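Everything numeric in this text was worked out from a predicted model, so none of it was measured.
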Amino acid sequence: METAAATGLTFRDATDSDVDALVALIDSAYRGDSSRIGWTTEADILQGQRTDAEAVLAVVKAPDSRLLIVERDGAPVACCQLEHRGDHAYFGMFAVSPALQGGGLGKVIITEAERTVRETWGVTEMHMTVISVREDLIAWYERRGYRRTGRMTPFPYGDERFGIPQRDDLRFELLVKPLAQV
């Protein structure tokens with residue numbers, strides 16, 4: 001497996017000044033026509049925004065939370081949220097530039113995220129939630145060692161900060177991966 005250094009990537013904690021670029025990156029990976037370049041698009045199931053500046057800034061500022069920005073040649077190409085929640089970490093707000101999807105970048109980033117939470121917080125599991133109808137995305141996470149739990153939480157219908165649903169069967173499923181201690 002390639003390492004972050006081998007791919008020319010740098011990882012750093014996002015700051016207030018990164019918020020607008022991160023909103024644009026996250027929205028481009030999931031919503032609208034630009035997201036169709038990559039494979040993680042949600043454009044057929046959700047319209048509108050994926051996130052906004054307020055939500056991204058809240059993650060940047062939250063205690064026990066980090067928003068990692070991944071750069072190549074000084075430009076943001078990906079990001080992910082890491083949040084310490086007791087004996088586990090939560091992985092969210094994961095986005096890779098649509099033009100770079102499918103080339104192995106996501107694998108490098110999630111591996112680095114798992115290493116970071118083990119070393120920083122000593123956690124033994126990583127948790128995430130994925131929209132349950134995103135079978136292709138769930139399968140990708142399963143190939144990385146995550147398992148479906150069947151534990152569902154409702155999608156926030158009526159709250160356009162999360163997008164405008166195009167179907168009525170959206171829910172979030174919890175995926176969990178045990179993290180080997182090194």
*Verdict with reasoning, Leu137 to Trp39, per side-chain contact (heavy atoms from CB on, under 4.5 Å)*: CA-CA 9 Å; Leu137 186 57; Trp39 69 273; 3.7 Å; yes

*Rounded distance [0.5 Å steps], CD1 in Ile69 versus SG in Cys79*: 7.0 Å

*Applying ring-ring contact (aromatic ring centres under 6.0 Å, His included), which residue pairs with at least one partner in residues 107-132 are found, sequence neighbours left out?*
His84-Trp121, His88-His127

*Do other residues, nucleotides or ligands put more than 12 heavy atoms under 6.0 Å from the CZ atom of Arg36?*
yes

*Check the pair Asp16, Lys61 against side-chain contact (heavy atoms from CB on, under 4.5 Å), reporting the backbone distance first and the verdict last.*
CA-CA 8 Å; Asp16 297 12; Lys61 297 285 193 192; 3.0 Å; yes

*Euclidean distance, Leu174 CG relative to Tyr146 OH, rounded to 0.5 Å*: 11.0 Å

*Less than 4.0 Å between a side-chain N and a carboxylate O, is that true for Arg134 and Asp136?*
yes

*Decide yes or no for Arg118 and Thr116: does some side-chain heavy atom of the first lie under 4.5 Å from some side-chain heavy atom of the second?*
no

*Treat each ILVMFWY residue as a node, draw an edge where side-chain heavy atoms are under 4.5 Å apart, and state whether Phe162 and Val56 are in one component.*
no

*What about Met126 and Val130, same hydrophobic cluster or not, with Ile/Leu/Val/Met/Phe/Trp/Tyr joined at side-chain heavy-atom distances under 4.5 Å?*
yes

*Tell me, do Arg66 and Gln81 make a side-chain contact under 4.5 Å, heavy atoms counted?*
no

*Check whether any side-chain heavy atom of Val70 sits under 4.5 Å from a side-chain heavy atom of Thr10, and report yes or no.*
no

Less than 3.5 Å apart, which donor and acceptor atoms pair up between the side chains of residues 18-25 and the rest of the protein, not counting sequence neighbours?
{"from": "Asp18", "atom 1": "OD1", "to": "Arg12", "atom 2": "NH2", "distance (Å)": "2.9"}
{"from": "Asp18", "atom 1": "OD2", "to": "Arg12", "atom 2": "NH1", "distance (Å)": "2.8"}
{"from": "Asp18", "atom 1": "OD2", "to": "Arg12", "atom 2": "NH2", "distance (Å)": "3.4"}
{"from": "Asp18", "atom 1": "OD2", "to": "Thr15", "atom 2": "N", "distance (Å)": "2.8"}
{"from": "Asp18", "atom 1": "OD2", "to": "Thr15", "atom 2": "OG1", "distance (Å)": "3.3"}

*For Arg171, does the CZ atom sit with more than 12 other heavy atoms under 6.0 Å from it, leaving out its own atoms?*
no

*Determine, using the 4.5 Å side-chain heavy-atom cutoff (strictly less than), whether Ile26 and Ile131 are members of one ILVMFWY cluster.*
no

*In sequence, state the C-alpha distance, the side-chain angles, and the governing distance for Met93 and Val59, and then conclude on side-chain contact (heavy atoms from CB on, under 4.5 Å).*
CA-CA 9 Å; Met93 215 173 269; Val59 172; 3.7 Å; yes

_Would you say CD of Glu54 has more than 12 non-hydrogen atoms from neighbouring residues, nucleotides or ligands within 6.0 angstrom?_
no

*Kindly indicate whether the side chain of Leu105, heavy atoms from C-beta on, has any atom under 4.5 Å from the side chain of Val77.*
yes

*Does the side chain of Glu173 pick up a donor-acceptor pair with the side chain of Thr149 at under 3.5 Å?*
no

_Do Leu179 and Glu125 have side chains that approach each other closer than 4.5 Å (heavy atoms only, starting at C-beta)?_
no

*Over all heavy atoms of both residues, which pair between Val123 and Gly86 is shortest? Give the atoms and the distance, please.*
CG1-O, 3.9 Å

*With sequence neighbours left out, write down each residue that passes ring pair (Phe, Tyr, Trp, His ring centres under 6.0 Å) with Phe94, or none if nothing qualifies.*
Phe91

*asked:* Would you say that more than 12 heavy atoms from the other residues, nucleotides or ligands in this model lie under 6.0 Å from the CZ of Arg151, or not?
replied: no

*Flag the pair Val96 / Thr40 as yes when at least one side-chain heavy-atom distance between them is below 4.5 Å, and no otherwise.*
no

*Verify side-chain contact (heavy atoms from CB on, under 4.5 Å) between Leu175 and Arg147, making sure each step is shown before the conclusion.*
CA-CA 5 Å; Leu175 305 182; Arg147 65 176 174 75; over 6 Å; no

*Rounded distance [0.5 Å steps], OG in Ser132 versus CG in Asp169*: 7.0 Å

*Do NZ/NE/NH1/NH2 and the carboxylate oxygens of Glu142 and Lys177 come within less than 4.0 Å?*
no

_I want to check something: taking the side chain as every heavy atom from C-beta on, are Arg31 and Glu42 in contact at a cut-off of under 4.5 Å?_
yes

*For residues Phe11 and Ile109, determine if any side-chain heavy atom of one lies less than 4.5 Å from a side-chain heavy atom of the other.*
yes

*Between Gln166 (side chain) and Leu46 (backbone), is there a donor-acceptor pair under 3.5 Å?*
no

_Walk me through whether Asp27 and Arg50 qualify under salt bridge (Lys or Arg N to Asp or Glu O under 4.0 Å)._
CA-CA 5 Å; Asp27 278 348; Arg50 172 73 190 261; over 6 Å; no

*Should Phe172 and Ile138 be counted in the same cluster of Ile, Leu, Val, Met, Phe, Trp and Tyr side chains packed under 4.5 Å apart?*
no

*Taking all non-hydrogen atoms of both residues, which atom of Ala29 and which atom of Ala95 are closest, and how far apart?*
CB-CB, 4.0 Å

*With a 3.5 Å cut-off and no angle check, do the side chains of Ser65 and Tyr90 form a donor-acceptor pair?*
no

*For the side chain of Tyr157 and the backbone of Leu170, is there at least one donor-acceptor N/O pair under 3.5 Å apart?*
yes

*If only atom types and distance count, is the side chain of Thr120 paired as donor or acceptor with the main-chain N or O of Val117 below 3.5 Å?*
no

